[in-house]
Amino acid sequence: MTRQQYAQTLLRTYYGYNSFRSQQWDIINHTLDGGDSIVLMPTGGGKSLCFQLPGLMSKEGFAIVISPLLALMNDQIDALQQNGIPALALNSEKSEDENRQCVNLLMEGKVKLLYISPEKLLSEIDRWSDRITDRICLFAIDEAHCISQWGHDFRPEYTQLGTLKQRFPHIPVMALTATADRITRDDIAKQLNIPDAKLFISSFDRPNISLNVVQGSTGRQKLRHIVQFINLHHGESGIIYCLSRKSTEKMASELSRLGIEARAFHAGMSVKEKQQVQRDFLNDDLKVVCATIAFGMGIDKSNVRYVIHSNMPRNIESYYQEIGRAGRDGLPAEALLFYTYGDVITLQQFARQSGQVQVNMDKLQRMQQFAESGVCRRRILLNYFNERYDHDCHNCDVCNNPPERFDGTRFAQMALSAIMRTGEQATMFTVTDILRGWRKAEILEKGYDKLKTFGVGRELKVAEWNAYLLQMLQMGLFEVAYDEGNHLKITDYGKEILYGRQSVQFNRYQPRDFNVKTHLAEPQLITTEPVEAKQMDKALFERLRDVRKALATTSRVAPFMVFSDKSLQAMATEKPTTKAKFGFIHGVGEVKCQKYWRPFTAAIREHLGLP
Ligand code: ADP
Ligand code: ZN
């Protein structure tokens with residue numbers, strides 16, 4: 001048997017997968033040849049297999065996996081054990097006793113993968129005898145961008161990892177990350193002392209995630225959108241990202257009030273509370289989490305079906321990482337971003353208070369341009385990550401609904417005239433209020449209700465004005481004076497339009513209709529893993545989901561660790577009724593087949609009315 005055939009046998013036996021994804025085998029093979037590597041793959045791309053297989057393939061050795069996040073570590077160990085792979089974790093949470101036990105197992109060669117935090121590794125490795133260190137077949141460094149000051153998540157405890165290569169020059173090092181620009185990437189190689197590391201860059205495309213942006217929706221309207229959206233995804237898991245701790249709590253309580261069970265998650269909560277939310281979410285006991293960016297770092301749940309950004313993220317890197325938490329199983333998933341100019345103002349304030357003002361402002365602007373653009377969203381994203389993508393994706397809101405243009409000159413003149421008449425002393429919000437003729441205290445106080453333009457724009461809704469004012473800003477009809485209370489100042493170009501010397505085109509504002517599912521593209525799967533054209537039995541799928549949940553509860557693991565949604569769909573399509581057939585289902589390895597074939601095939605037989 002060749003090396004590759006052996007690897008493929010293990011892939012089928014332990015994981016129940018039929019083939020490697022692109023690059024996975026090359027990376028594993030390079031490691032088995034003793035080479036160092038830097039692996040750039042998007043979230044959900046399949047990094048774990050790259051370091052797990054070398055560990056599994058090594059006769060008496062094991063791979064060390066360095067990971068900064070305890071929660072993630074424990075999840076991975078659980079998942080590996082479910083597949084019958086001997087894996088252990090060493091970290092500060094373990095007792096001395098557990099540590100000793102772990103060391104004994106390592107000595108006996110009974111472990112294939114050891115997950116460990118960087119600080120623990122550096123303190124432990126000195127105490128290990130040659131009997132252990134001789135067995136190490138790989139140092140895999142997960143979240144490797146943490147080693148670089150240029151990355152977006154620098155962790156000082158990572159910087160000492162460079163000594164590993166000096167002390168064990170013959171053991172291959174694999175650095176893995178889902179975000180790294182060229183500077184960070186070079187820095188990783190330098191810090192880890194692996195100048196000759198081979199670089200493996202996968203495509204960052206996640207074609208199964210549908211990208212959608214809703215502009216100008218605020219307050220109750222936004223809430224209504226979110227509620228309708230969640231109802232369309234009834235029974236599925238999703239994350240709603242909010243800008244502040246307070247807003248996560250507000251969102252969770254409003255949703256709960258409207259009958260959608262949701263909970264908040266943010267850094268201000270106690271460790272216990274946070275763990276509870278994470279656990280319930282992983283176990284499918286809680287479907288909706290309203291979170292600050294603190295959530296998700298340690299979440300490795302494969303069946304998150306949607307990610308909603310209630311507000312715009314601060315840069316494209318964060319956005320891409322956050323939406324990447326959806327659809328890791330390769331099944332259709334949705335990203336929904338709400339975007340208003342108010343978000344931009346808030347984020348600009350954050351950026352101005354940050355250490356690197358210019359950089360952060362520029363990144364924010366790129367994000368804003370993305371949200372506003374009439375160009376295919378995936379094209380913008382992938383080009384941002386320096387990946388050439390020269391066609392429309394047909395799985396984003398722009399592709400599904402290319403913008404319609406119309407002559408917006410009359411509306412632009414109304415707005416510009418209102419700005420002019422306030423003596424250029426009004427913010428974008430005030431201008432909307434004037435145009436809509438809202439007699440609120442601030443307007444009356446300043447006498448804006450006496451302006452000729454007061455109420456002239458009633459024919460447009462607030463959301464429409466928000467959208468068009470934004471387009472005007474982008475097209476350079478006016479500027480925002482940040483140093484003057486965000487007042488609007490008309491540019492020379494804006495005056496051309498105000499005085500009728502030029503006309504201007506607007507992209508027509510289009511609210512999304514959430515009652516029809518037209519915006520959802522036909523389910524698309526990653527092309528390397530085609531699914532049979534046979535029809536899935538939805539009722540059976542629901543039934544199998546219940547079976548999975550019950551089994552997960554008894555074995556105290558998360559449902560997606562029993563089987564992924566993708567495996568359940570395969571079962572609901574193939575309807576295997578025997579152990580042999582069950583063993584061929586995607587994601588069913590030997591251990592899981594043995595453990596689970598009875599309850600699942602029984603449910604299928606019953607569903608089909610078979611004895
Ligand atoms: P990452 O760590 O890069 O975010 P994971 O390693 O968690 O991604 O993999 C994402 C999902 O893809 C997991 O559910 C994993 O089991 C699955 N997966 C990985 N490799 C394959 C493969 N070759 N065939 C089928 N599924 C795979
Ligand atoms: Zn597109």
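As the structure lists them, so they are numbered: ligands from 1, and atoms in each ligand from 1.
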Check this for me - ligand 1, [X], N or O atoms closer than 3.5 angstrom, yes or no?
| X | value |
| --- | --- |
| Gly46 | yes |
| Ser19 | yes |
| Gln24 | yes |
| Tyr17 | yes |

Proximal ligand 1 atoms for [X], defined as those under 4.0 Å from one of its heavy atoms:
| X | result |
| --- | --- |
| His586 | 25 (C) |
| Leu49 | 20 (N), 21 (C), 23 (N) |
| Phe20 | 23 (N) |
| Pro42 | 3 (O) |

[X] to ligand 1, any heavy atom closer than 4.0 Å:
| X | result |
| --- | --- |
| Gly324 | no |
| Gly45 | yes |
| Lys566 | no |
| Asp329 | no |

Working to the nearest 0.5 angstrom, can you tell me the gap between Glu119 CD and Leu161 CG? 9.5 Å

Any chance you could measure Ile209, atom CD1, to Arg328, atom CZ, to the nearest 0.5 Å? 10.0 Å

For ligand 1, the portion of Ser564 having any non-hydrogen atom under 4.0 Å away: neither

Is the closest side-chain donor-acceptor distance between Tyr14 and Gln52 under 3.5 Å? no

Find out whether the Lys NZ or Arg CZ of Arg548 is both under 6.0 angstrom from the six-membered ring centre of Phe563 and within 45° of the ring's axis. no

Look at Asp285 together with Lys549 and state whether they make a salt bridge at an N to O cut-off of under 4.0 Å. yes

Out of the candidates Asp284, Leu282, Asp75, Asp565, only one should pair with Phe560 under the side chain to side chain contact (heavy atoms under 4.5 Å, CB included) rule; please name it. Leu282

Partner of Ile308 by side chain to side chain contact (heavy atoms under 4.5 Å, CB included), out of Ile323, Val288, Leu337, Ile240: Ile240

Do His309 and Phe338 have ring centroids that are under 6.0 Å from one another? no

With Asp329 as reference, evaluate Lys301, Arg305, Arg206 under the salt bridge (charged side-chain N to carboxylate O under 4.0 Å, His left out) test and give the passing residue. Arg305

Please note down the angle at the Zn ion (ligand 2) between SG of Cys396 and SG of Cys376, to the nearest 10°. 120°

